[in-house]
Participant: 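The structure follows.
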Amino acid sequence: MVTGDHPNTAKAIGRAVGIISPGVRTVDEIPGADPFTPLSDPSERPKGIVIHGAELTEMSDQKVDFILANYPEIIFARTSPTQKLRIVEGCQRAGLIVAVTGDGVNDAPALRKANIGVAMGITGTEVAKQVSDMILLDDNFASIVTAVEEGRLLFDNLKKT
């Protein structure tokens with residue numbers, strides 16, 4: 001999850017929607033934990049991490065890649081548009097398929113770089129809509145799930161013919 005929200009707010013939302021699983025501790029909840037210190041037992045590494053935009057600014061690409069490879073539950077908070085783009089690029093370097101949602105001009109670089117950019121149809125700027133692959137006409141994220149389900153159904157029907 002990438003957001004401009006405060007880290008505590010972002011983590012609470014992340015927990016509420018399942019980005020941080022129940023019972024998973026994040027690095028910031030473990031006193032003295034260093035997210036980059038190799039552990040003798042990798043299974044002891046926390047599964048979740050919350051990265052503040054200010055921390056991200058100071059990280060090398062190698063450290064960003066380390067975070068993406070070693071933490072399955074990640075929240076980036078208080079991020080700038082430039083940082084959002086950097087996160088998209090890091091995910092793509094890791095071989096991940098990246099979807100980005102956005103509504104403003106400042107989201108345009110990340111929307112364009114993502115494998116699929118999703119703009120808001122009601123609140124979105126024309127720039128965000130123009131660079132996106134999909135526009136949510138109702139600004140409802142649940143519409144993405146419906147669109148994917150219908151797309152898969154269509155794809156399956158095309159394979160049958």
Side-chain angles (χ1 to χ4, degrees), residues 1-22 24 26-28 35 47-159:
M1 178 171 113
V2 181
T3 180
D5 290 335
H6 185 277
N8 291 339
T9 303
K11 185 164 46 169
I13 293 168
R15 285 194 186 281
V17 300
I19 292 168
I20 302 291
S21 302
V24 167
T26 58
V27 172
D28 62 297
K47 291 185 175 157
I49 190 166
V50 179
I51 303 289
H52 191 287
E55 295 173 290
L56 183 60
T57 298
E58 301 300 319
M59 284 184 197
S60 65
D61 284 345
Q62 291 78 17
K63 285 190 174 185
V64 171
D65 293 346
F66 180 88
I67 294 288
L68 293 170
N70 289 282
Y71 294 92
E73 301 179 11
I74 307 169
I75 295 175
F76 293 96
R78 285 280 194 249
T79 56
S80 69
T82 303
Q83 292 167 332
K84 193 174 187 179
L85 177 61
R86 186 170 179 219
I87 293 163
V88 169
E89 292 169 342
C91 290
Q92 289 175 331
R93 276 195 309 274
L96 301 171
I97 303 298
V98 182
V100 171
T101 60
D103 60 2
V105 172
N106 58 346
D107 294 319
L111 286 166
R112 178 175 294 204
K113 182 70 175 175
N115 297 91
I116 182 164
V118 182
M120 301 298 122
I122 298 170
T123 59
T125 63
E126 284 305 311
V127 171
K129 292 176 192 177
Q130 288 173 3
V131 300
S132 293
D133 302 292
M134 179 184 352
I135 300 171
L136 295 179
L137 296 177
D138 59 1
D139 286 9
N140 184 348
F141 287 109
S143 297
I144 297 172
V145 175
T146 303
V148 170
E149 288 171 348
E150 290 186 24
R152 286 180 178 163
L153 181 62
L154 179 64
F155 182 74
D156 287 343
N157 287 336
L158 286 172
K159 284 191 332 188

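Below, each value reflects all heavy atoms present in this structure, side chains not excepted, and no hydrogens, waters or symmetry copies.
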Participant: When you measure from the side chain of Y71 to the backbone N and O of P35, does any donor-acceptor pair fall under 3.5 Å?
Facilitator: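 Such a contact is found between Y71 side chain and P35 backbone.
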Participant: Just one of D103, T101, I144, T123 clears the side chain to side chain contact (heavy atoms under 4.5 Å, CB included) bar with L136, so which one?
Facilitator: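 The option that passes is I144.
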Participant: Would you name the heavy atoms of H6 and A77 that are closest together and state the gap between them?
Facilitator: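 Looks like C-CB, 4.2 Å.
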Participant: For the CG atom of L96 and the CG atom of N115, what is their distance to the nearest 0.5 Å?
Facilitator: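 Here the interatomic distance stands at 9.0 Å.
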Participant: Quick check: does any side chain N or O of T125 sit under 3.5 Å from a backbone N or O of A128, one acting as donor and the other as acceptor?
Facilitator: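 Yes: the side chain of T125 pairs with the backbone of A128.
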Participant: Looking at A110 and V88, what are the two nearest heavy atoms and their distance?
Facilitator: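 Smallest interatomic distance, heavy atoms only, reads CB-CG2, 4.2 Å.
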Participant: Kindly give the heavy-atom pair with the smallest separation between D133 and I116, and that separation in Å.
Facilitator: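 Shortest heavy-atom separation between D133 and I116 comes out as OD2-CA, 3.2 Å.
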Participant: Which value, rounded to the nearest 0.5 Å, describes the distance between T79 atom OG1 and E55 atom CD?
Facilitator: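 Separation between the atoms: 12.5 Å.
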Participant: Sequence neighbours left out, cut at 3.5 Å: what donor-acceptor pairs do the side chains of residues 148-157 make with other protein atoms?
Facilitator:
unit_1: N157; atom_1: ND2; unit_2: L153; atom_2: O; d: 3.4

Participant: Using the side chain to side chain contact (heavy atoms under 4.5 Å, CB included) criterion, which residues pair with S60? Sequence neighbours excluded.
Facilitator: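 Here the qualifying residues are Q62, K63.
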Participant: How many angstroms lie between CG in L68 and CZ in R93, if you round to the nearest 0.5 Å?
Facilitator: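 Separation between the atoms: 7.5 Å.
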Participant: Can you tell me if R86 uses its side chain to pair, donor with acceptor, with the backbone of L56 under 3.5 Å?
Facilitator: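 Checked: pair present.
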Participant: Got a second to check how far L111's CG is from N106's CG, nearest 0.5 Å?
Facilitator: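 The CG atom of N106 is 9.5 Å from CG of L111, to the nearest 0.5 Å.
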Participant: How close do L85 and P109 get, counting heavy atoms only, and between which atoms?
Facilitator: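 Nearest pair, atom of L85 first, then P109: CD1-O, 3.7 Å.
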Participant: If you count every heavy atom of other residues, nucleotides or ligands that lies below 6.0 Å from K129 atom NZ, does the total exceed 12?
Facilitator: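 More than 12 within 6.0 Å, yes.
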Participant: Tell me if the CZ atom of R15 is crowded by more than 12 foreign heavy atoms within 6.0 Å.
Facilitator: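 Yes, CZ of R15 has more than 12 neighbouring heavy atoms, counting only those of other groups under 6.0 Å.
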Participant: Please give me the minimum heavy-atom distance between K113 and Q92, naming the atom from each residue.
Facilitator: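 Result for this residue pair: O-NE2, 2.9 Å.
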Participant: Please round to the nearest 0.5 Å and tell me the distance separating atom CD1 of I75 and atom CD1 of I13.
Facilitator: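 Nearest 0.5 Å value for the CD1-CD1 distance: 8.5 Å.
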Participant: Name all residues meeting the salt bridge (Lys or Arg N to Asp or Glu O under 4.0 Å) criterion together with K11; count only those two or more places apart in sequence or in a different chain, and write none if there are none.
Facilitator: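 Salt bridge (Lys or Arg N to Asp or Glu O under 4.0 Å) list for K11, sorted by chain: D28, E29.
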Participant: Look only at the side chain of S143 and the backbone of D139, and say whether a donor-acceptor pair between them is shorter than 3.5 Å.
Facilitator: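 Here the side-chain-to-backbone pair does not exist.
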Participant: What is the minimum heavy-atom distance between V127 and A108, and which atoms define it?
Facilitator: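 Scanning both residues, the minimum pair turns out to be CG1-CB, 3.7 Å.
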Participant: Drop me the distance from R78's CZ to T9's OG1, to the nearest 0.5 angstrom.
Facilitator: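 That separation rounds to 7.5 Å.
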